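In what follows, a structure is listed as structure tokens, so that the remarks can point back to it.
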There are 2 protein chains.
Amino acid sequence: MEHRQPLDRVARIQADWRRERPDVDTSPQGVIGRLHRLAGRLTEELCRVYGRYDLNEGEFDVLCALRRVGEPYERAPGELAAHTMVTTGAMTKRIDRLERAGLVTRRRSDDDQRGRIVALTGPGRELIDQAFTDHMRNERHLLNLLTPVEAETLEALLTTWLSRLEDPRPPRHE
Amino acid sequence: MEHRQPLDRVARIQADWRRERPDVDTSPQGVIGRLHRLAGRLTEELCRVYGRYDLNEGEFDVLCALRRVGEPYERAPGELAAHTMVTTGAMTKRIDRLERAGLVTRRRSDDDQRGRIVALTGPGRELIDQAFTDHMRNERHLLNLLTPVEAETLEALLTTWLSRLEDPRPPRHE
DNA sequence: TATATTTGTCTTCCATGGAAGCTAATGCGC
DNA sequence: GCGCATTAGCTTCCATGGAAGACAAATATA
């Protein structure tokens, strides 16, 4: 135990629970609580970069999904919804905003008259190319708070946990 | 490189970017992308438990903040807002819902007529005690997807990154 | 003490997203 | 080819939270 380190927020919460509910083991919060806290803080930092381009997180995600599919930077709304993990209703609204901003266009699909095709415009392409470059530079700075070894270890652990969480056949321990 | 492992979502996104933007190093996404994905998946799992008690995440957080302060389980709305990291406006609405559900009461403070005091009711206390026990059991199961050593290493890395992120004097590398 | 500033909570308005249902187009089974 | 289930996108309604301002009470200042 490091006595010179002030307790962080999560450690203080754990201390409260130890006093109030000594019957409950709150040690998992040490990992899960900090993971959420860290995710939240990182999101804040990332959103600052999106804001420089007048984008919010959702809009940035949609533009990325269109850009990384490659020429001619087109995708159906349903695909975009799946890639960015929102409902199609939410996607309709995001596309509305991006269309209004002139960053994407929306047209009917030729082979399926129900379907639409969302495409990056020239300005949309330019904007996301610049924003993405900036975004990755930002992520790099944030990640550089860890040593290369720390970062590598962390990535491996996150990948492991994630894969076990998705994996149907469950736990390894206890 | 593990060739038998199918690429996960983040790895596929990185592969797309390598093709489309070979000029940009997207390796930070390996950590940051997976961290966010994992946080999202864990939140889903946690919310399932909250749902069993007819609570959403915000309400659960407020009840926890009241419970872990100890007897008589009272706190000012502003304090609750600070602890749960939302604005006081959002807190007003959360308290409205919890009050309507009979889980908390709201009264005027004696020494400061502007202030209110939110207190757990008996049923609120019972509910959160049970929900929290269940919640920690759930977190334990999720964490048991990692070995004890993995969990310990992960906690240390998250704590390190978080503290460096909050720390005013910045980076260690590059 | 009278006035100004600050503080704590609440209110209003807006942004965003989910759930569920609507509409039109597709395509399957007969 | 005709009906019926399915599909894609959109619309409507609702839940939640932030931003900013209103309001009343407390505190500081003259």
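In what follows, chains carry the letters A, B, and so on, assigned in the order in which the sequence lines appear, proteins first and then strands, with residues in each chain numbered from 1. Atoms considered below: every heavy atom in the structure, side chains included; atoms not considered: hydrogens, waters and symmetry mates. On a predicted model such as this, the values are computed, not experimentally measured, just so you know.
A straight line from CZ of A/Arg114 to P of C/dT23 spans 16 Å, rounded to a whole angstrom. Spacing between atom CD of B/Glu44 and atom C1' of C/dG17 amounts to 15 Å, rounded to whole angstrom units. Remark: P of C/dC10 and CD1 of B/Ile117 are 12 Å apart, rounded to the nearest angstrom. Look at NZ on B/Lys93: it is 8 Å from C1' on D/dG18, rounded to the nearest Å. The distance from atom CZ of B/Arg94 to atom P of D/dA15 is 16 Å, rounded to the nearest whole Å. Per the geometry, CD1 belonging to B/Ile95 stands 14 Å off P belonging to D/dT16, to the nearest Å. Rounded to an integer number of Å, the gap from A/Arg97 CZ to C/dC14 P is 16 Å. When rounded to the nearest whole Å, the span between CE of B/Met91 and P of D/dA15 equals 19 Å.
Across all strands shown, A/Arg108 has no heavy atoms under 4.0 Å from either base or sugar-phosphate atoms. Within 4.0 Å of B/Gly89, counting heavy atoms only, lies at least one base atom of the nucleic acid.
Distances were taken from every side-chain heavy atom of A/Ala76 (C-beta onward) to each of D/dG18, C/dG17, D/dG9; the shortest belongs to D/dG9. For B/Gln113, counting side-chain heavy atoms from C-beta on, the closest listed nucleotide (C/dG17, C/dT9, D/dA26) is D/dA26. With distances taken from any side-chain atom of A/Thr92 to the nucleotides D/dT11, C/dT9, D/dG17, the minimum falls on D/dT11. You'll find that the side chain of A/Arg116 is closest to D/dC10, out of D/dC10, C/dT16, D/dG18. For B/Thr87, whose side chain is taken as the heavy atoms from C-beta onward, the closest listed nucleotide among D/dC10, D/dG18, C/dG17 is D/dG18.
Of the listed residues (B/Leu120, B/Leu66, B/Ile117, B/Val118), just one forms a side-chain contact (heavy atoms from CB on, under 4.5 Å) with B/Arg75, and that residue is B/Leu66. Tested against A/Asp61 for a side-chain contact (heavy atoms from CB on, under 4.5 Å), the candidates A/Leu55, A/Asn56, A/Thr84 yield a single pass: A/Thr84.
With the nearest nucleotide of DNA chain C identified for both B/Ala90 and A/Met85, B/Ala90 has the one nearer the 5' end. In terms of position along DNA chain C, the nucleotide closest to A/Asn56 lies nearer the 5' end than the nucleotide closest to the other residue of the pair A/Asp112 and A/Asn56.
Checking A/Arg21 against A/Thr26 by side-chain atom types alone, no donor-acceptor pair falls below 3.5 Å. B/Arg114 and B/Ser109 are not linked by any side-chain donor-acceptor pair at a separation below 3.5 angstrom, with hydrogens and angles left out of the test. Using modelled atom types and a 3.5 Å distance limit, the side chains of A/Glu139 and A/His135 yield a donor-acceptor pair.
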